[in-house]
Colleague: 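Next up is a structure, given as structure tokens.
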2 protein chains.
Amino acid sequence: MKPDKKKRLEAKGWAVGSADEFLNLSKAEFDFIEMKLALSKALSEQRRHSRMTQAELAKRLKTSQSRVAKMEKGDPSVTVDLLIRSLLTLDVPKKQLAEIIS
Amino acid sequence: MKPDKKKRLEAKGWAVGSADEFLNLSKAEFDFIEMKLALSKALSEQRRHSRMTQAELAKRLKTSQSRVAKMEKGDPSVTVDLLIRSLLTLDVPKKQLAEIIS
DNA sequence: GTTCAATATGTCGAATCTGATATAAAGTCA
DNA sequence: TGACTTTATATCAGATTCGACATATTGAAC
């Protein structure tokens, strides 16, 4: 299994292959993925709250629908930088970002 | 002036060239840079608190002294991803990260 | 001032991330 | 069911970021 896929699954709570493999994620790595998924979820919720399609959001963020989909899915190719910049662009206050990542 | 340099200066509170130019940073961009610098500062403080040199921290983070220097300086080539992962590796709790970015 | 340790800066090839495109899959409604 | 909209996935070329290295600058002790 590719490491990316593994991490994605593990991040969603699935111990892949063995408990050992799951535990191979350091606390730092685990927390980081957890933060990323929280930001993904927040972006998705924010979009729905504004009743936009991914295509509309993409336009607002000056990117593509496919990247928005990946952002909302927590795809490994998406950085925390991109997620945070996107949320800030949607006028989510820093305070709220702080809550999201805690 | 190169945009990177400009942004670095502006982020540190310097209106470069003109007030207009300064205001050209959107609130989202400004907040993002502000967050990044806050994380940089936190990393630097965390290292000093642990009485490490940049070279020692670099070893701990499996990177180089020069990158640590850039992280602490808020160099444009450093992502929020890297800063957050570094702080998490130093066992800074997510709660504290949240405070840092607010 | 000189020496030595620490930090900063410039550069580069490799790795990663980006927006974009194409297309598949899933959802909605008649 | 089929037509249509929305979301998900795969891929890629160009851009960005990475660790590493070399070297410059700063700082501290003598």
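Values below: all heavy atoms of this structure, side chains included; hydrogens, waters and symmetry mates excluded. Protein chains get the first letters and strands the later ones, always in sequence-line order, with residue 1 at the start of each. Fair warning: this is a prediction, and the values are worked out from it, not measured in the lab.
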Colleague: What residue among K59(A), R67(A), Q65(A) forms side-chain hydrogen bond (donor to acceptor under 3.5 Å, both in side chains) with Q54(A)?
Modeller: Q65(A)
Colleague: If two hydrophobic side chains count as joined below 4.5 Å and joins carry through other members, does L90(B) share a cluster with I33(A)?
Modeller: no
Colleague: Once side chain to side chain donor-acceptor pair (under 3.5 Å) is applied, what residue pairs with a partner in residues 80-93 of chain A remain, sequence neighbours excluded?
Modeller: none
Colleague: If I take atom CZ from residue R47(A) and atom CD from residue E56(A), how far apart are they, to the nearest 0.5 angstrom?
Modeller: 9.0 Å
Colleague: Rounded to whole angstroms, how far apart are CG on D75(A) and C1' on dA10(D)?
Modeller: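 Taking CG of D75(A) and C1' of dA10(D), I get 10 Å after rounding.
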Colleague: Under the 3.5 angstrom rule, does the side chain of Q96(A) hit a backbone N or O of P93(A) as a donor-acceptor pair?
Modeller: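 Not at all, since once roles are kept as given, no pair shorter than 3.5 Å links the two residues.
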Colleague: Please give, in whole Å, the distance from dT7(D) P to L43(A) CG?
Modeller: 12 Å
Colleague: In this structure, how many angstroms lie between the P atom of dT7(C) and the CD atom of E45(B), rounded?
Modeller: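 My rounded result for the distance is 15 Å.
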Colleague: Evaluate side chain to side chain contact (heavy atoms under 4.5 Å, CB included) for K73(A) paired with S44(A), printing each intermediate quantity in order.
Modeller: CA-CA 9 Å; K73(A) 281 270 166 180; S44(A) 183; over 6 Å; no
Colleague: Just the rounded figure in Å: distance from P of dC18(D) to CG of D81(B).
Modeller: 8 Å
Colleague: Can you sort out which residues in residues 61-71 of chain B have a heavy atom within less than 4.0 Å of DNA chain C? Ascending by number, please.
Modeller: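 Contacting residues: Q65(B), S66(B), A69(B), K70(B).
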Colleague: Quickly work out the K41(A) NZ to dT7(D) P distance and round it to whole Å.
Modeller: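 Interatomic distance, NZ of K41(A) to P of dT7(D): 18 Å.
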Colleague: Taking CG from L82(B) and P from dA20(D), how many angstroms apart are they, rounded to a whole number?
Modeller: 12 Å
Colleague: Hey, what bend do you get for the helix from dG1(C)-dC30(D) to dA30(C)-dT1(D) if you fit axes on five pairs at each end, rounded to 10°?
Modeller: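 For the helix from dG1(C)-dC30(D) to dA30(C)-dT1(D), the axes at opposite ends meet at about 50°.
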Colleague: Please write out the pairs of protein N or O atoms and N or O atoms of nucleotides 24-30 of chain C separated by less than 3.5 Å, giving the distance to one decimal.
Modeller:
none

Colleague: Can you name the side-chain contact (heavy atoms from CB on, under 4.5 Å) partners of S40(B), sequence neighbours left out?
Modeller: L83(B)
Colleague: Side chains of L57(A) and E72(A): does their closest heavy-atom pair fall under 4.5 Å?
Modeller: yes
Colleague: dA15(D) P sits how many Å from R85(A) CZ, rounded?
Modeller: 16 Å
Colleague: Return the residues of residues 47-56 of chain B meeting this criterion: a heavy atom under 4.0 Å from some atom of DNA chain C. Order them by number, or give none.
Modeller: R47(B), T53(B), Q54(B)
